[in-house]
Every structure is written in C-alpha cells, then in structure tokens.
Amino acid sequence: MSEFPSTHNEFSSSNDPAVGGIAADRLRSIIERVERLEEERKALSGDIKDIFTEAKSAGFNVKVIRQIIRLRKQEPAEVEEQETLLDVYRLALGM
C-alpha cells in the first residue's frame with residue numbers, strides 16, 4: 001500500500017495538518033512567505049529602475065553607475081586584483 005493517497009480528493013478532504021506526510025500548514029506558510037517576498041522584490045526592482053531613469057535624466061552614465069555598485073559589493077583586495085589584471089591585459093594588447 002502506498003503512503004500517499006490515491007486521489008486528489010483524499011488530499012483535500014482531510015483536515016489533518018499532516019497530509020501525505022506533509023505538514024500542510026507549514027508548507028502553505030513557506031509558499032505564502034516566498035510569494036510575499038517575490039512581490040516585494042518586484043516592487044523594489046521597479047523602484048531601482050526608476051532611480052536609474054532619474055540618474056540618466058540627470059546626465060549620469062547608468063552603465064558606469066552599475067559598475068560602481070558592483071565594485072562596492074566586492075572586497076577591496078579583490079577590486080585591486082581585478083584592476084591590476086585589467087592593466088596587465090591592456091598593456092599586453094598595447095592599449
């Protein structure tokens with residue numbers, strides 16, 4: 001005999017919080033939290049897009065701003081290593 005109910009109706013008709021070995025309330029809570037965070041992320045992405053639009057209209061180069069933001073997330077030693085390699089590669093290519 002399978003540990004899982006054979007039909008969908010058996011899942012939905014049960015009032016037991018653990019259906020098919022799954023804690024339904026906990027699962028629902030996790031899914032709802034992720035959905036809420038995805039909605040927040042969507043709103044934040046829109047806000048960030050608006051800020052970049054504002055920066056562009058103020059005459060700033062958005063591509064460079066994105067690079068600076070990326071650099072600020074890195075460790076200083078990592079940034080220095082990348083810049084050194086960039087200089088070496090430029091020299092090697094005669095730039």
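- Note that the CZ atom of Arg36 and the CD atom of Glu39 stand 8.5 Å from one another [nearest 0.5 Å].
- Put simply, CG on Leu86 and CG on Leu91 are 10.0 Å apart, with the number rounded to the nearest 0.5 Å.
- Take Arg26 and apply the salt bridge (Lys or Arg N to Asp or Glu O under 4.0 Å) test, not counting sequence neighbours, and it matches no residue.
- Few gaps surround CD on Gln74; more than 12 heavy atoms of other groups in view lie less than 6.0 Å from it.
- When hydrophobic side chains of Ile, Leu, Val, Met, Phe, Trp and Tyr are connected at separations under 4.5 Å, Leu71 ends up clustered with Val79.
- Checking each of Val62, Asn61, Ile51 against Lys56 for a side chain to side chain contact (heavy atoms under 4.5 Å, CB included) leaves exactly one that passes, namely Val62.
- Met95 forms part of a hydrophobic cluster together with Leu93, judged by ILVMFWY side-chain heavy-atom separations under 4.5 Å.
- Residues Leu85, Tyr89 make up the rest of the hydrophobic cluster containing Val88, defined by ILVMFWY side-chain heavy atoms closer than 4.5 Å, directly or through other members.
- The backbone N or O of Glu80 lies less than 3.5 Å from a partner atom in the side chain of Thr84, making a donor-acceptor pair.
- Taken from CD in Glu35 to CZ in Arg28, the straight-line distance is 11.0 Å, to the nearest 0.5 Å.
- In terms of hydrophobic clustering, with Ile, Leu, Val, Met, Phe, Trp and Tyr side chains grouped at heavy-atom distances under 4.5 Å, Ile22 and Ile30 are assigned to different clusters.
- Counted within 6.0 Å of CZ on Phe52, heavy atoms from surrounding residues, nucleotides or ligands total more than 12; the atom is thus considered enclosed.
- Ile65 CD1 to Gln67 CD: the interatomic distance, rounded to the nearest 0.5 Å, is 10.5 Å.
- With values rounded to the nearest 0.5 angstrom, Arg70 atom CZ is found 9.5 Å from Gln82 atom CD.
- Under the side chain to side chain donor-acceptor pair (under 3.5 Å) criterion, Arg66 pairs with no residue, sequence neighbours left out.
- Ile68 forms part of a hydrophobic cluster together with Val64, judged by ILVMFWY side-chain heavy-atom separations under 4.5 Å.
- By the neighbour-count criterion of 12 heavy atoms within 6.0 Å, atom CD of Glu75 is sparsely surrounded, having that number or fewer from other residues, nucleotides or ligands.
- Between the CZ atom of Arg90 and the CD atom of Glu83 there is a distance of 9.0 Å, given to the nearest 0.5 Å.
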